[in-house]
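Down below is the structure, laid out as structure tokens.
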Number of protein chains: 2
Amino acid sequence: MKLKELAERLGLSQTTVSRALNGYPEVNEATRERVNKAALKFGYSANANARRLAMGRVGAIGIVVPIHSSERFGPHTSEFLSGLAERVSRDEIDFLITPLINNDEISAYRRLISSKRVDAMIVSHPSLVDERVAMLAEAQFPFVLHGRTNIDTPHAWLDIDNKGAFYQATSHLLDLGHKHIAMIDGLKGFTFSEHREEGYRNALNERGISIDPNFIVHDCFSDEIGFRETQRFLSLKPHPTAILAGSMMTALGVSRAIRARGYQLGKEVSIIAHDDVFPYLNASNMVPAMTTTRSSIRAAGTRIAEMLVRLLDGEPPETIHEVWPVELILRQSSGPPVIPAK
Amino acid sequence: MKLKELAERLGLSQTTVSRALNGYPEVNEATRERVNKAALKFGYSANANARRLAMGRVGAIGIVVPIHSSERFGPHTSEFLSGLAERVSRDEIDFLITPLINNDEISAYRRLISSKRVDAMIVSHPSLVDERVAMLAEAQFPFVLHGRTNIDTPHAWLDIDNKGAFYQATSHLLDLGHKHIAMIDGLKGFTFSEHREEGYRNALNERGISIDPNFIVHDCFSDEIGFRETQRFLSLKPHPTAILAGSMMTALGVSRAIRARGYQLGKEVSIIAHDDVFPYLNASNMVPAMTTTRSSIRAAGTRIAEMLVRLLDGEPPETIHEVWPVELILRQSSGPPVIPAK
DNA sequence: CCCTTTACCCAAAGCGCTTTGGATTTGTAT
DNA sequence: ATACAAATCCAAAGCGCTTTGGGTAAAGGG
């Protein structure tokens with residue numbers, strides 16, 4: 001069923017039918033009603049490609065997801081996308097996921113632009129100087145960045161205060177009396193990892209505590225890494241009495257390793273994890289309940305969708321940016337250091 | 001940069017340029033070379049909408065993801081999509097995610113069909129009699145089902161042997177001497193949940209062990225549910241000495257609850273979990289290593305993508321279906337029941 | 001040297017929609 | 001009744017690509 005047929009059946013012109021369906025004012029309400037009914041009855045809905053070709057707008061936003069590298073399509077991404085979807089679907093926008101195979105990100109983004117399949121994009125996991133952002137901003141293609149990068153060209157972005165979060169967490173541990181604090185951070189190069197390390201370092205420096213490079217790990221977020229690195233930490237002398245974990249997955253592994261060593265969480269070794277708020281992995285339900293720096297990645301997705309809509313409505317990118325504070329939630333996995341009874 | 005411009009610059013007709021780019025034989029190799037170079041140089045890439053409008057093929061496959069209900073966009077979905085992406089991107093197909101808000105799935109699928117935004121679809125989480133499948137099969141729209149359903153109309157599908165998996169796991173526990181075995185299954189109504197329950201029941205019936213309805217739970221897969229339900233299980237008399245967990249998330253909660261009670265995994269209470277193989281949550285790394293029924297959901301995604309390609313190449317849907325066996329991997333979380341020293 | 005193939009290239013007709021620029025009808029004030 | 005504006009509706013021109021149905025020049029066969 002195409003527009004032409006529908007118009008013929010109704011004894012109207014294509015113009016009128018199109019206008020009726022798209023809510024233009026120059027059509028009688030009664031006619032509009034009739035058209036809508038007929039469309040529903042015959043199951044008509046405009047051919048999206050024709051529509052897009054004619055309008056130049058697509059009704060989709062693009063996301064490039066690396067599927068092999070470390071920042072692959074994992075639980076963070078899916079939570080984020082859920083948040084996005086929640087908002088974006090209100091406007092009948094859907095999103096297009098372009099898997100990235102060979103790691104040539106730039107050209108993937110370029111192709112997405114020039115093929116006109118999306119109206120805007122979202123870019124995640126920026127590095128300190130992100131060439132994708134540079135390219136997109138340069139090309140004046142609408143996008144919003146999830147995270148931050150040091151690119152001058154104005155662009156829209158939303159980030160959480162990673163530095164503040166880890167500064168706060170580290171400071172709290174120092175307040176509790178910890179002197180040896182380790183950190184399992186994200187991969188080197190990503191802004192969020194760097195910011196977290198900065199917060200961590202600042203807190204330690206402020207108290208005049210020297211930084212032991214053995215206490216800092218940069219890797220992916222996984223249970224396995226958490227476990228392995230914590231084992232390593234605990235074999236050092238002196239070993240850390242507190243560990244910052246970059247994600248809840250990591251925290252699981254860290255906890256296991258601490259327990260495996262015969263230590264109690266929040267006693268011999270404390271742990272503070274960054275919690276992106278996964279519905280299926282709740283920090284407060286753990287035993288002991290886990291102290292976290294919390295910021296919902298899902299909520300960030302929703303907000304970014306909103307920013308995207310504003311951007312597409314013509315708001316200039318330089319006015320669109322936000323830093324979200326991260327809350328430190330004290331629970332039982334952090335406490336003053338307890339000397340192991342040995 | 002559009003086709004016309006490129007053609008003018010090259011002193012060729014649009015036809016020839018188009019043919020050169022799309023690999024048609026009736027163009028001189030030298031010319032093709034020249035065209036390709038120019039396209040690259042000017043950053044030309046066909047307007048996807050125009051192309052699709054002209055060709056009738058879209059180059060995208062659709063997925064409807066519910067974002068509020070229980071089968072929401074969680075870690076299972078993202079792993080599955082990763083697998084899909086891996087295969088599908090080879091053919092420059094990308095996928096379109098349509099978030100489902102009001103739970104009117106059927107109409108979401110219908111809209112996706114009639115708007116011609118996708119060439120095919122993937123439907124997941126079927127119920128025993130799935131109306132989406134009925135509708136799509138009826139409409140002759142290409143799709144492949146991840147799971148199984150009792151719909152007569154021929155359609156392509158891939159499923160794992162959930163029944164066999166749980167039959168095997170339950171039988172193994174029975175062999176070890178367990179008499180009270182509980183199960184935390186997925187939500188009622190979904191085929192996979194029903195199949196799992198069937199496998200579980202069959203194994204028990206075969207040994208003449210009566211089934212205690214208190215030992216069967218249907219709910220979402222989350223750490224929290226696992227914890228809560230296991231606490232409940234352990235407060236029953238007699239309580240289960242073994243628990244089947246529907247997912248690794250659930251298993252985390254179950255383990256916690258067992259430990260919180262002062263029991264050891266694989267001793268007082270055994271646990272077998274179904275493992276969809278999450279890269280960030282590895283059963284063999286747990287302490288104790290977890291016995292699992294394992295089947296990679298990511299691999300399933302990849303395979304389904306392949307099926308999709310075959311389908312689009314004209315292979316009839318009724319010839320396309322597979323059941324994957326599930327392997328039972330014995331590790332330390334399952335063992336003969338140990339009477340609690342009390 | 002003429003005629004038939006190939007090989008290569010082109011003009012123009014869609015694909016199904018939106019939108020411009022008018023045409024027609026109706027309503028209202030003169 | 002006449003004029004003018006407002007309310008409706010329409011025919012046709014794109015949007016940028018693919019593809020059909022020829023053309024023309026070079027190559028091969030008699």
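A note on names: the letters A, B, ... follow the listed sequences, proteins ahead of strands, and every chain is numbered from 1. Because the structure is predicted, anything quoted here is derived from the model rather than measured. Heavy atoms only: backbone and side chains are in, while hydrogens, waters and symmetry mates are out.
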What integer distance in Å separates A:R52:CZ from C:dC17:C1'? 12 Å
Using whole Å, what does the distance between atom P of nucleotide D:dA11 and atom CD of A:E8 come to? 11 Å
Heavy-atom neighbours of A:R110 CZ exceed 12 at 6.0 Å: no
Between B:K2 and B:E5, does at least one N-O distance fall below 4.0 Å, as a salt bridge requires? no
Check whether any side-chain heavy atom of A:V133 lies under 4.5 Å from a side-chain heavy atom of A:W157, and answer yes or no. no
Would you mind listing every salt bridge (charged side-chain N to carboxylate O under 4.0 Å, His left out) that reaches into residues 43-64 of chain A, with sequence neighbours excluded? none
Indicate the ring-plane relationship of A:H125 and A:F192, choosing parallel, tilted or perpendicular according to the 30° and 60° boundaries. perpendicular
Can you establish whether the number of heavy atoms outside A:E322 located under 6.0 Å from its atom CD is more than 12? yes
Mark yes when over 12 heavy atoms from residues, nucleotides or ligands other than A:D152 sit less than 6.0 Å from its CG; otherwise mark no. no
What is the distance from NZ of A:K4 to C1' of D:dC10, rounded to the nearest Å? 15 Å
Atom-pair distance (CZ on A:R32; P on D:dT8), nearest Å: 10 Å
Can you check each nucleotide of nucleotides 9-16 of chain C against protein heavy atoms at under 4.0 Å and return B for base, S for sugar-phosphate only, - for none, in 5' to 3' order? BBBB-BBB
It should be established whether A:Y24 places a side-chain nitrogen or oxygen under 4.0 Å from OP1 or OP2 of nucleotide D:dC9. no
For C:dT18, does OP1 or OP2 lie under 4.0 Å from any side-chain N or O of A:S18? yes
Between the axis at one end of the helix from C:dC1-D:dG30 to C:dT30-D:dA1 and the axis at the other (five pairs apiece), what's the angle to 10 degrees? 50°
For atom CD of A:E318, decide whether the heavy atoms of other residues, nucleotides or ligands shown that lie under 6.0 angstrom number more than 12. yes
